[in-house]
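Below: one structure, written as structure tokens.
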Amino acid sequence: AVVPMASLDLGSLHLTGTASLAEELDKRLLIVLRDGKKILGTMRSFDQYANIVLEHAVERVIVGKCFSDVPLGLYVIRGENVVLLGQVDEAKDLITTQQLLRQVSVDEILEARAQAEEDRKLKANLSRHLSKTLAPLDLDS
Amino acid sequence: TKDGHLSGSDIPLRSPAIACCVLHACKNSDVSAPRCQLVELKNGETYNGHLVSCDTYMNISLREVICTSRDGDRFWRLPEVIIRGNNIKYLRIPEEVIEMVPEEDLTKGKGGRGDGRGRGGKGGRGEGRG
């Protein structure tokens, strides 16, 4: 079985660069990827490229005020795709999931996300057409 | 590292690259539950298949692969696939694997090797400047 490095006092080592991730080992983290995904999970290991192994990973999909945690299992994330990560404050997480957001089923949130994506595409198309057909504003006259 | 800081290898780390090699070992030992995994690429395509091999660059080869397009509307079945590591966004692997990561990686002696180098290097460079 995997053994956590409880014997090492990593906080006193003042580690630089990617090594500082050692302080986050076996902690529950929120990782934001370049494509916008928010993944929560327990970090089991990492390397110099900040590739991360996450146990019990979950993708938190948020659409408006609704959210759902899509279970993902064991994940290996390639480091270059990570924007930021941080420890989950369990108290704040509780407030977020119980008061600020409404939890829905996975199917519901995926549908909501697809719908939101459709709406966004429609809006983008519309604004593009509008900018082509309307005459440009003459602000100098 | 070259500038004398404590590098990642100074601390006994569990490298995710080893997870890949362990997957490979598992595949050979436990034929009844072959290691089926999902790879998502940076372009959003997902590849589901059995891991055949992997290397330190995270290049992987998969067999019996089902490739799904980004929108999830098109599927291809491919007998064999090789993916260049830099294209990978993430991999999803079976949960049993985490039990099989060899613990000796933790104390591989990287700590001992790194200590002297790190401190010695910093001292030397500092003296030169001073």
Side-chain angles (χ1 to χ4, degrees), chain A residues 1-10 12-26 31 33-37 39 41-59 70-82 110 113-114 117-118 121, chain B residues 1 3-20 22-23 35-44 51 54 56-58 60 70-72 83-107 110-111 114 118 122:
Chain A
V2 173
V3 175
M5 299 201 299
S7 50
L8 264 156
D9 180 20
L10 295 163
S12 62
L13 283 178
H14 302 294
L15 300 165
T16 57
T18 317
S20 61
L21 281 182
E23 294 174 20
E24 319 284 337
L25 272 173
D26 299 322
I31 300 181
L33 302 186
R34 286 200 338 218
D35 66 357
K37 284 198 173 74
I39 316 267
T42 315
M43 185 180 76
R44 286 301 178 203
S45 75
F46 66 99
D47 64 7
Q48 68 268 42
Y49 307 112
N51 297 327
I52 290 171
V53 176
L54 273 185
E55 200 179 13
H56 308 294
V58 142
E59 185 195 341
V70 182
L72 302 171
L74 188 57
Y75 245 45
V76 177
I77 301 178
R78 197 177 155 89
E80 58 176 321
N81 297 292
V82 174
L110 294 178
R113 181 169 67 174
E117 184 59 26
E118 290 263 329
K121 282 190 184 156
Chain B
T1 56
D3 57 358
H5 293 135
L6 271 180
S7 77
S9 57
D10 290 342
I11 302 122
L13 292 178
R14 292 165 276 185
S15 166
I18 295 181
C20 267
V22 168
L23 283 178
R35 297 293 155 236
C36 197
Q37 48 167 271
L38 183 153
V39 183
E40 179 161 330
L41 302 189
K42 285 185 190 165
N43 61 16
L51 181 76
C54 69
T56 50
Y57 299 107
M58 220 188 265
I60 56 178
R70 188 199 191 102
D71 302 322
I83 299 172
R84 199 170 192 273
N86 69 318
N87 290 304
I88 293 172
K89 191 190 293 179
Y90 57 75
L91 304 120
R92 197 180 155 181
I93 55 183
E95 290 183 29
E96 309 88 71
V97 173
I98 200 149
E99 309 287 322
M100 303 186 196
V101 177
E103 275 172 45
E104 65 246 26
D105 298 322
L106 284 171
T107 53
K110 281 182 182 173
K122 198 166 190 160

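Just so it is clear: chains get the letters A, B, ... in the order the sequence lines come, proteins before strands, and each one is counted from 1.
No side-chain heavy atom of B/Leu51 sits under 4.5 Å from any side-chain heavy atom of B/Ile93.
Proximity to chain B (any heavy atom under 4.5 Å) is restricted, for A/Glu55, to the side chain, taken from C-beta onward. Using a 4.5 Å cut-off between heavy atoms, A/Ile39 does not touch chain B at all.
Proximity of a side-chain donor or acceptor of A/Asn51 to a complementary backbone N or O of A/Gly79 within less than 3.5 Å is detected.
Among A/Thr18, A/Ile77, A/Leu72, A/Leu54, the residue making the largest number of heavy-atom pairs under 4.5 Å with chain B is A/Leu72.
Annotation: side chain to side chain contact (heavy atoms under 4.5 Å, CB included) contacts of A/Glu80 (sequence neighbours excluded): A/Arg34, A/Arg78, B/Lys42, B/Asn86.
Atom CG of B/Leu38 is separated from atom OH of A/Tyr75 by 6.5 Å, given to the nearest 0.5 angstrom.
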